[in-house]
Participant: 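Have a look at this one.
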Amino acid sequence: MKWTALIALFLLVSCAHPSRTTSFKRQKVAADKAIIYLYRLPTHVHSLNPDIPKFYAGDRTVGKLLIGGYYPIEVEPGDIDITYKTPLFGLYFPWKSGRLRVKASSSKPVFLKFEVSYGMGSITKFKEVPENIGSVEIKKTSLLKN
């Protein structure tokens with residue numbers, strides 16, 4: 001009985017998702033800071049998958065990136081590692097599934113796009129996109145709050 005309650009509690013906590021709020025709008029940051037926009041376009045691919053990747057900026061947890069959502073990440077200018085963990089049945093393993101090093105600048109935003117597609121199996125793409133593309137695509141998403 002005790003184990004059943006613990007397992008049920010664990011599953012409820014691991015299934016917690018961020019909430020969607022407003023549509024995209026540019027984040028205002030201090031002159032000595034940089035902004036990174038991390039986003040995932042709306043799609044039906046993986047839409048029923050309860051395992052959602054969790055993202056990190058350096059050692060700081062950003063959150064779970066839902067389909068059709070985005071996070072603004074305010075950072076110090078310079079090189080920063082954006083990483084993620086992909087869970088299996090709600091369990092996040094200690095190792096990272098993917099990593100992207102970006103150069104954040106206070107003069108222009110960085111747009112990072114995450115997507116999963118199918119070909120011969122599941123294909124994950126995590127990449128930096130040009131500002132002219134990212135600023136248009138991100139308007140199809142909603143701000144996520146943890």
Side-chain angles (χ1 to χ4, degrees), residues 1-27 29 33-105 108-146:
M1 179 69 173
K2 184 170 36 171
W3 286 106
T4 305
L6 279 173
I7 291 171
L9 178 63
F10 174 76
L11 289 174
L12 284 173
V13 169
S14 68
C15 291
H17 297 313
S19 61
R20 295 176 194 276
T21 58
T22 59
S23 335
F24 174 74
K25 63 180 175 183
R26 287 192 182 259
Q27 186 88 8
V29 294
K33 298 288 184 181
I35 189 77
I36 297 172
Y37 293 107
L38 172 64
Y39 69 98
R40 191 171 178 188
L41 290 173
T43 180
H44 293 295
V45 175
H46 265 233
S47 61
L48 297 177
N49 187 349
D51 289 334
I52 299 169
K54 187 185 293 184
F55 281 80
Y56 303 85
D59 293 332
R60 186 179 83 203
T61 301
V62 174
K64 294 179 181 179
L65 185 59
L66 298 175
I67 293 172
Y70 82 92
Y71 285 108
I73 309 166
E74 189 174 314
V75 296
E76 296 293 326
D79 291 337
I80 185 160
D81 286 329
I82 306 296
T83 57
Y84 67 94
K85 293 180 181 179
T86 304
L88 181 61
F89 302 114
L91 298 172
Y92 289 91
F93 298 108
W95 56 85
K96 308 288 183 177
S97 302
R99 175 180 164 270
L100 189 61
R101 176 166 280 198
V102 296
K103 181 142 189 90
S105 166
K108 70 175 199 160
V110 174
F111 288 88
L112 302 180
K113 180 179 181 180
F114 180 83
E115 61 186 342
V116 178
S117 59
Y118 283 110
M120 295 299 283
S122 180
I123 300 167
T124 302
K125 296 178 189 170
F126 180 42
K127 62 185 177 182
E128 185 173 349
V129 296
E131 184 179 359
N132 63 330
I133 294 172
S135 62
V136 171
E137 287 184 334
I138 202 168
K139 290 178 182 174
K140 300 173 188 171
T141 65
S142 299
L143 177 66
L144 299 174
K145 291 283 187 183
N146 291 320

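Quantities reported herein were computed from a predicted structural model and do not represent experimental measurements. The residues of the chain are indexed from 1 along the displayed sequence.
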Participant: Backbone N or O of Gln27 within a donor-acceptor pair of the Tyr37 side chain at under 3.5 Å?
Facilitator: yes
Participant: Could you check, using the six-membered ring where one of them is a Trp, whether Tyr71 and Phe55 have ring centers closer than 6.0 angstrom?
Facilitator: no
Participant: Does any part of the side chain of Arg40, heavy atoms only, come nearer than 4.5 Å to the side chain of Lys113, both counted from C-beta?
Facilitator: no
Participant: More than 12 foreign heavy atoms under 6.0 Å from NZ of Lys139: is that the case here?
Facilitator: no
Participant: Looking at Arg26 and Glu131, is there a salt bridge between them, counting it only when a charged N and a carboxylate O are closer than 4.0 Å?
Facilitator: yes
Participant: Could you work out, with salt bridge (charged side-chain N to carboxylate O under 4.0 Å, His left out) as the rule, every residue matching Arg60, not counting sequence neighbours?
Facilitator: none
Participant: Between Gly134 and Tyr39, which heavy-atom pair has the shortest distance, and what is it?
Facilitator: CA-OH, 3.6 Å
Participant: I need the minimum non-hydrogen distance between Leu66 and Leu144, along with the two atoms involved.
Facilitator: N-CD1, 3.7 Å
Participant: I'd like to check Leu143 versus Pro72 (side-chain heavy atoms, cut-off strictly below 4.5 Å). Are they in contact?
Facilitator: yes
Participant: Once you round to the nearest 0.5 Å, how far does CZ of Phe111 lie from CD1 of Ile36?
Facilitator: 11.5 Å
Participant: At what distance, to the nearest 0.5 angstrom, does CZ of Arg99 lie from CG of Asp81?
Facilitator: 4.0 Å
Participant: Step by step, work out the side chain to side chain contact (heavy atoms under 4.5 Å, CB included) result for Leu38 and Phe126.
Facilitator: CA-CA 10 Å; Leu38 172 64; Phe126 180 42; 3.7 Å; yes
Participant: Is there a donor-acceptor pair closer than 3.5 Å between any side-chain N or O of Thr83 and the backbone N or O of Lys96?
Facilitator: no
Participant: How many angstroms lie between atom OH of Tyr70 and atom CD1 of Ile138, to the nearest 0.5 angstrom?
Facilitator: 6.0 Å
Participant: Just wondering, are more than 12 heavy atoms of other shown residues or ligands nearer than 6.0 Å to CG in Asn132?
Facilitator: yes
Participant: Write down the atom of Ala57, the atom of Val62, and the distance for their closest heavy-atom approach.
Facilitator: N-CG2, 3.7 Å
Participant: Atom CD of Glu128 and atom CG of Leu112: how far apart are they, to the nearest 0.5 Å?
Facilitator: 6.0 Å
Participant: For Ala34 and Ala104, which heavy atoms make the closest approach, and how far apart are they?
Facilitator: CB-CB, 3.6 Å
Participant: Mind checking the CD1-CG spacing from Ile67 to Leu41? Nearest 0.5 Å is all I need.
Facilitator: 10.5 Å
Participant: Nearest 0.5 angstrom please: Ile82 CD1 to Arg101 CZ, how far?
Facilitator: 10.5 Å
Participant: Counting C-beta onward and ignoring hydrogens, is there a side-chain heavy-atom pair between Tyr56 and Lys85 closer than 4.5 Å?
Facilitator: yes
Participant: With sequence neighbours left out, write down each residue that passes salt bridge (charged side-chain N to carboxylate O under 4.0 Å, His left out) with Glu74, or none if nothing qualifies.
Facilitator: none
